[in-house]
Amino acid sequence: MFLQILQRTTSHEQTFNSYFLYQVCLSEVLEKIQLHLHLNPSEMLCCKRKSYYGHSLLPNITPQEGNLCRGELASNTITAIKGTRTFIIAPYFDNRKSKITRVIGIVHHEKVKDLFCWFCCQPDGEIYVSTAAIDVHSDRFGFPYGAADLLCSEPQNCDPNFVSISWEPKGNIDQLPRFEIKNRKPETLPIEFTVCLSPMFGNYSNVLQFIQAMEMYKILGAQKVIIYKNSCSQLMEKALEFYIAEGTIEIIPWPITSYLNVSSRWHFSMDTKDIGYYGQITALNDCVYRNMYKSKFVLLNDIDEIILPMKHPDWKIMMSGLQEQNPGAGIFLFESHVFPKTVYASTDIFNITSWNAVPGVNILQHIHREPNRKNVFNPKKMIVDPRKVVQTSVHSVLHAYADSVNVPIDIALIYHCREALQGKLPRESLIRDTTIWRYNSSLIMNVNKVLQKTVF
């Protein structure tokens, strides 16, 4: 019986306009069948406890006369859908497995049960409504709200440019905000490396380390840095304005604090708020899709982290070698190593005393890293082929169309200059690692140029 249901689901996939596929609560059994048959989640119907797979369509396609897709166009990065505990970030066309609109959002994992996707087909204004499959990402870390994909089957007879999300299948589309569906026309990958940073929050003011990171990213090969900005200091704003004018940085406003009670911690047990770490996971997923057809590679990390090659001069040469050695890989994981900002090395040889007047950490002073701890997981950050990613978390990809590879530390590591994790270790127990100094000449010259235009 269960196999018949699944076969029926697959056979009707191309004829959703004529059939209504009933959602069946078979969570445990279907999960095992999925694993056994290697089915794509979008081919399944299941009302699981926390994630809802399958995108059955309502049988009605109802034209609304005199209404040619006039709903108000959403202009904010985060849009609340009234009365639904749902927040929409952006929809993206995704035809890697089937023709769907994937809407990146934030939902309450228990309260949100039913949502509907409203498409308007031009030029006749025909309205097409489908049931959204609500897929809450598994890495929610205990918080009630989490990143979610709303999977919307598109009409077969048109390629809609806009979608609206509603809690009901009937009504007036004029009353719903419209969202432009991105990635409808893929670009030709004009960029090699894009860095996606976790949200900037807490009146962020570490200006010197930020500028150093930006210049290191550029030296290593980044052409674009995406920042989801919640808040920062006035001096930080000046630095951002410089990089925006230069064309390096793209700012995505991230006013999540206007909608949810956010935590600066990663787990609900540490801080019982609505969502963790300022919606970091949602921002990273949006950044992957936003750059899916703009950038060959996307880096997912924090502003105090640098993926630092140990053997190669830059990311391009490093990634060329890694791809050649791992032809089936699309996700490359780099181990994080802490360089405590409380342990200093002399930088007298560099003649950079003027930097002392700039607020923030000077990474050139921090060349001692903590040794690995026994039986403790070292977190990792990633360089990914965004076209192979379906869902990402912070330290790994949750669902992908390619293999993941753990990159050895002799190839590259995450230079993470932050508070010590092993603060009681004596200095002689730390590992002196001056790899960052290989770039000192270019880094110092470039940082000085930025400081002259922003701080001094």
Side-chain angles (χ1 to χ4, degrees), residues 73-80 87-92 104-106 147 179-180 182-183 187 190-218 220-260 262 264 275 277-295 297-306 358-360 381 386 392 394 446-447 449-451 453-455:
L73 188 62
S75 57
N76 297 326
T77 310
I78 302 173
T79 303
F87 305 90
I88 303 301
I89 311 305
Y92 296 92
I104 306 295
I106 297 171
F179 300 90
E180 183 178 2
K182 302 176 183 178
N183 293 351
E187 301 178 40
I191 294 174
E192 187 91 10
F193 293 96
T194 295
V195 181
C196 291
L197 296 175
S198 296
M200 178 179 285
F201 63 88
N203 201 34
Y204 183 85
S205 60
N206 190 349
V207 176
L208 181 57
Q209 187 172 358
F210 173 83
I211 292 173
Q212 290 173 330
M214 290 300 106
E215 296 308 318
M216 279 299 299
Y217 294 159
K218 286 158 61 178
L220 291 169
Q223 293 154 283
K224 183 70 72 175
V225 179
I226 312 293
I227 296 177
Y228 288 73
K229 190 187 78 169
N230 180 262
S231 66
C232 66
S233 69
Q234 287 188 338
L235 190 57
M236 190 69 225
E237 286 282 7
K238 291 183 67 176
L240 292 177
E241 288 169 5
F242 169 83
Y243 285 111
I244 292 168
E246 184 186 66
T248 300
I249 282 179
E250 179 182 348
I251 295 292
I252 311 297
W254 195 244
I256 192 168
T257 45
S258 299
Y259 301 97
L260 293 168
V262 302
S264 59
I275 194 167
Y277 216 66
Y278 281 71
Q280 174 188 29
I281 292 177
T282 309
L284 292 177
N285 277 275
D286 179 69
C287 201
V288 166
Y289 280 88
R290 185 180 292 267
N291 295 284
M292 189 163 281
Y293 299 105
K294 295 178 182 177
S295 187
F297 294 108
V298 166
L299 288 80
L300 303 171
N301 59 265
D302 296 343
I303 189 57
D304 58 359
E305 297 172 325
I306 300 167
V358 184
K381 295 297 174 71
T392 189
V394 180
N446 295 349
V447 169
K449 287 180 181 178
V450 178
L451 291 177
K453 295 177 180 179
T454 58
V455 177

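Computed over heavy atoms, backbone and side chain alike; hydrogens, waters and symmetry mates excluded.
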Under 4.5 Å between any side-chain heavy atoms of [X] and [Y], yes or no?
{"X": "Asn291", "Y": "Pro386", "answer": "no"}
{"X": "Asn76", "Y": "Pro253", "answer": "no"}
{"X": "Asn206", "Y": "Asp304", "answer": "no"}
{"X": "Tyr278", "Y": "Tyr228", "answer": "no"}
{"X": "Val394", "Y": "Lys381", "answer": "yes"}
{"X": "Asp286", "Y": "Tyr92", "answer": "yes"}
{"X": "Met214", "Y": "Phe242", "answer": "no"}
{"X": "Glu250", "Y": "Thr194", "answer": "no"}

If you measure from [atom1] on [X] to [atom2] on [Y], what distance do you get to the nearest 0.5 Å?
{"X": "Leu300", "Y": "Asn285", "atom1": "CG", "atom2": "CG", "value": "8.5 Å"}
{"X": "Lys449", "Y": "Glu215", "atom1": "NZ", "atom2": "CD", "value": "9.0 Å"}
{"X": "Asn230", "Y": "Thr257", "atom1": "CG", "atom2": "OG1", "value": "4.0 Å"}
{"X": "Cys232", "Y": "Ile251", "atom1": "SG", "atom2": "CD1", "value": "7.5 Å"}
{"X": "Ile78", "Y": "Leu260", "atom1": "CD1", "atom2": "CG", "value": "8.0 Å"}
{"X": "Ile227", "Y": "Thr248", "atom1": "CD1", "atom2": "OG1", "value": "10.0 Å"}

Check the pair Thr79, Phe179 against side chain to side chain contact (heavy atoms under 4.5 Å, CB included), reporting the backbone distance first and the verdict last. CA-CA 10 Å; Thr79 303; Phe179 300 90; 3.6 Å; yes
For the pair [X] (side chain) and [Y] (backbone), establish whether a donor and an acceptor sit closer than 3.5 Å, ignoring hydrogens and angles.
{"X": "Asn183", "Y": "Tyr289", "result": "yes"}
{"X": "Gln212", "Y": "Val447", "result": "no"}
{"X": "Asn203", "Y": "Ser231", "result": "no"}
{"X": "Lys229", "Y": "Met200", "result": "no"}

Indicate the atoms forming the closest heavy-atom contact of [X] with [Y], along with that distance.
{"X": "Ser264", "Y": "Phe201", "result": "CB-CE1, 3.8 Å"}
{"X": "Glu192", "Y": "Gln223", "result": "N-OE1, 2.6 Å"}
{"X": "Thr392", "Y": "Ile281", "result": "O-CG2, 3.7 Å"}
{"X": "Ile303", "Y": "Tyr217", "result": "O-OH, 4.0 Å"}
{"X": "Lys224", "Y": "Gly247", "result": "NZ-O, 3.1 Å"}
{"X": "Ile106", "Y": "Thr282", "result": "CG1-OG1, 3.4 Å"}

Using the six-membered ring wherever Trp is involved, compare the ring planes of Phe210 and Tyr204 and label them parallel, tilted or perpendicular (cut-offs 30° and 60°).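 The arrangement is perpendicular - the two ring planes meet at more than 60°.
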List the steps, then state whether salt bridge (charged side-chain N to carboxylate O under 4.0 Å, His left out) holds for Glu246 with Lys453. CA-CA 12 Å; Glu246 184 186 66; Lys453 295 177 180 179; over 6 Å; no
Intermediate values then yes/no, side chain to side chain contact (heavy atoms under 4.5 Å, CB included), Val195 and Ile226: CA-CA 6 Å; Val195 181; Ile226 312 293; over 6 Å; no
Do Thr454 and Ile211 pass the side chain to side chain contact (heavy atoms under 4.5 Å, CB included) test, and can you show the C-alpha distance, the side-chain angles, and the key distance before you say yes or no? CA-CA 10 Å; Thr454 58; Ile211 292 173; 4.3 Å; yes
Please determine whether side chain to side chain contact (heavy atoms under 4.5 Å, CB included) holds for the pair Phe87 and Ile256, giving the CA-CA distance in whole Å, both sets of side-chain angles, and the decisive distance to 0.1 Å. CA-CA 10 Å; Phe87 305 90; Ile256 192 168; over 6 Å; no
Can a donor-acceptor pair be found between the side chains of Asp302 and Tyr277 at a distance below 3.5 Å?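 There is no such pair (donor and acceptor under 3.5 Å, judged by atom type) between the side chains of Asp302 and Tyr277.
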Lys238/Glu241 under salt bridge (charged side-chain N to carboxylate O under 4.0 Å, His left out): CA gap, chis, key distance, verdict: CA-CA 5 Å; Lys238 291 183 67 176; Glu241 288 169 5; over 6 Å; no
